[in-house]
There are 2 protein chains.
Amino acid sequence: MQFPFALAIIEDQATIRETLHEYLCAQPEFRCVLVAGSIEAFLELLPTAAVPPQLILSDIGLPGLTGTQGLPFILTRLPQAQVLMLSVYADAGRVFEALRAGAVGYLLKNTPLAQLKEHLLHAAAGGSPMSPGVAHYVVQAFAQMPATAPLNSGIALADLLPAEPLTNREREIVRGIEGGLSYKLIADRYCISIETVRNHIRAVYRKLQVNSKAELMAHALKRQRR
Amino acid sequence: MQFPFALAIIEDQATIRETLHEYLCAQPEFRCVLVAGSIEAFLELLPTAAVPPQLILSDIGLPGLTGTQGLPFILTRLPQAQVLMLSVYADAGRVFEALRAGAVGYLLKNTPLAQLKEHLLHAAAGGSPMSPGVAHYVVQAFAQMPATAPLNSGIALADLLPAEPLTNREREIVRGIEGGLSYKLIADRYCISIETVRNHIRAVYRKLQVNSKAELMAHALKRQRR
DNA sequence: TGAAAAACAACATGTTTATGCCATACCCCC
DNA sequence: GGGGGTATGGCATAAACATGTTGTTTTTCA
């Protein structure tokens, strides 16, 4: 993620929307790429955005699809987006629904603009900003939760090993893999036998220390994210 | 609650303990009523405190009882206290344990003193301060909680929108795939059978109109390129 | 209360991958 | 002229994946 963060705002009340827009876009950290009055409008305008938004600030009480109802649609289109919900309500039900639907944070509308900015930056940094009372609900709910299995993810492997360089042919074939092609299609594309593809892949796996197509692509994904 | 807040500090490392003590007690908002190097010492000294502490800042990595293990004892004696855990570790397991044991917040030891003070005030006000990454774990766990709301019950809007939204579970599993995991590993991570993983993947393929892991990942790669 | 959606699970069948081990051919270069 | 690296091709086997069908259970909602 790099400066300025591509930001989208979804809010139906024109005055609030304008206030948010004006304030946030005046900040050097943000770039407003999309401002909409409803989830439907947002999804419709999405293809026209110059840059896909990384940060989305969405009201919950929207006409049509509510912010929470719209979240799955947004996340399907922008899986990497951090969505912050904005609401006048601080009730546990709404908070839980929103977080379960995939929001990373939940802010109240009485949040001062300066703090809102801080929260947005916080979210961009991988945090989960919540207004005071809201965080409390979440922690409370936690205390009552049954013991769960740890669901970890942050795997940071030492891929800084001496990288054995791929040959040109190998890189071509890796591009094919990353394009989602099967061995057969790669073989066709380069007019070679599928056995040859296999052998190149084999060499690539050894050099990159992976042992499946999925790992190879996960590699590419990780590289891309910085 | 009124000023100044009665504060207790539990930390075994003398230098850190003194730093916290000196800084926080120099603040007009706090009054240090108890400083201890272990849970045991804290409980022993508790009767001697002039005022029962309302706010407790406790290390997790303590000799003897750990901070988390000691929490139930503390809360039995001081049911109204707000306990903030302090730790060098940001792993999900420790965070969950501490919150389930009744901590109201979880801070990392690299938190600047000024922020620490803010967090303490925040906790006193009924909030649940958490360091950035930590809050994220909690929200993640929420999104992955058992029994998810449908949230998108057969909305007729579906044919207007290009993308049929993925459910939370489906997105989780897609994250697994994009992380390079095999079905087996995904099944293990979420404690479900490999057949169930297959079924979710099947639904994802239908919704995203792909028909192989490679295409799915190629999709992710394309989205990521901007 | 009953239909719908979501998560979970099993079994079957065919395809694609991963990886072993092997061989030929070209090129460069010491 | 032989040794290393690269590209090509083949065969065999085991594992992983894709896909069809069919269930149960729980939660949600009209």
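Scope of the values below: all heavy atoms of this structure, side chains included, with no hydrogens, waters or symmetry mates.
For the pair B:Ala214 and B:Glu170, nearest-nucleotide mapping onto DNA chain C gives the more 5' position to B:Glu170.
Rounded to an integer number of Å, the gap from CG of A:Asn211 to P of D:dA14 is 19 Å. Taking atom CD1 of residue A:Ile201 and atom C1' of nucleotide D:dA7, one finds them 14 Å apart after rounding to whole Å. Computed from coordinates, the B:Leu166 CG to C:dA7 C1' distance equals 15 Å when rounded to whole Å. Distance A:Lys207 NZ to C:dA18 P: 17 Å, rounded to the nearest Å. The distance between atom CD of B:Glu215 and atom P of C:dT16, rounded to the nearest whole Å, is 12 Å. Between the CD1 atom of A:Ile177 and the P atom of C:dT17 there is a distance of 7 Å, rounded to whole Å. Distance CG (A:Asn199) to C1' (C:dT17): 13 Å, rounded to an integer number of Å. Atom CZ of A:Arg206 and atom C1' of D:dG5 are 11 Å apart (whole Å).
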Chi angles and distances behind the salt bridge (Lys or Arg N to Asp or Glu O under 4.0 Å) call for A:Asp59, A:Arg17: CA-CA 10 Å; A:Asp59 187 24; A:Arg17 185 171 63 236; over 6 Å; no
From CA spacing to verdict: salt bridge (Lys or Arg N to Asp or Glu O under 4.0 Å), B:Arg198, B:Glu195: CA-CA 5 Å; B:Arg198 262 194 241 289; B:Glu195 300 298 333; 3.5 Å; yes
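Side-chain N/O atoms of A:Arg198 include none lying less than 4.0 angstrom from OP1 or OP2 on C:dT16. The phosphate of D:dG9 has OP1 or OP2 within less than 4.0 Å of a side-chain N or O from A:Thr196. Of the side-chain N and O atoms in A:Tyr205, one or more sit less than 4.0 angstrom from OP1 or OP2 of C:dA18. For C:dA7, the OP1/OP2 oxygens have a side-chain nitrogen or oxygen of B:Thr167 closer than 4.0 Å.
With respect to A:Glu178 and A:Arg175, no salt bridge is recorded, no charged nitrogen being found less than 4.0 Å from a carboxylate O.
For C:dC8, the base has no donor-acceptor partner in the side chain of B:Glu195 [N/O atoms by modelled type, under 3.5 angstrom].
Environment of OH in A:Tyr190: crowded, with over 12 heavy atoms of neighbouring residues, nucleotides or ligands closer than 6.0 Å.
Side chain of A:Ser87 to backbone of A:Ile60: no donor-acceptor contact under 3.5 angstrom is found.
Nucleic acid contact class of A:Arg202 (heavy atoms, under 4.0 Å, all strands): base. Residue-level contact check: A:Ser193 touches the backbone only, with heavy atoms under 4.0 Å from sugar-phosphate atoms and none from bases.
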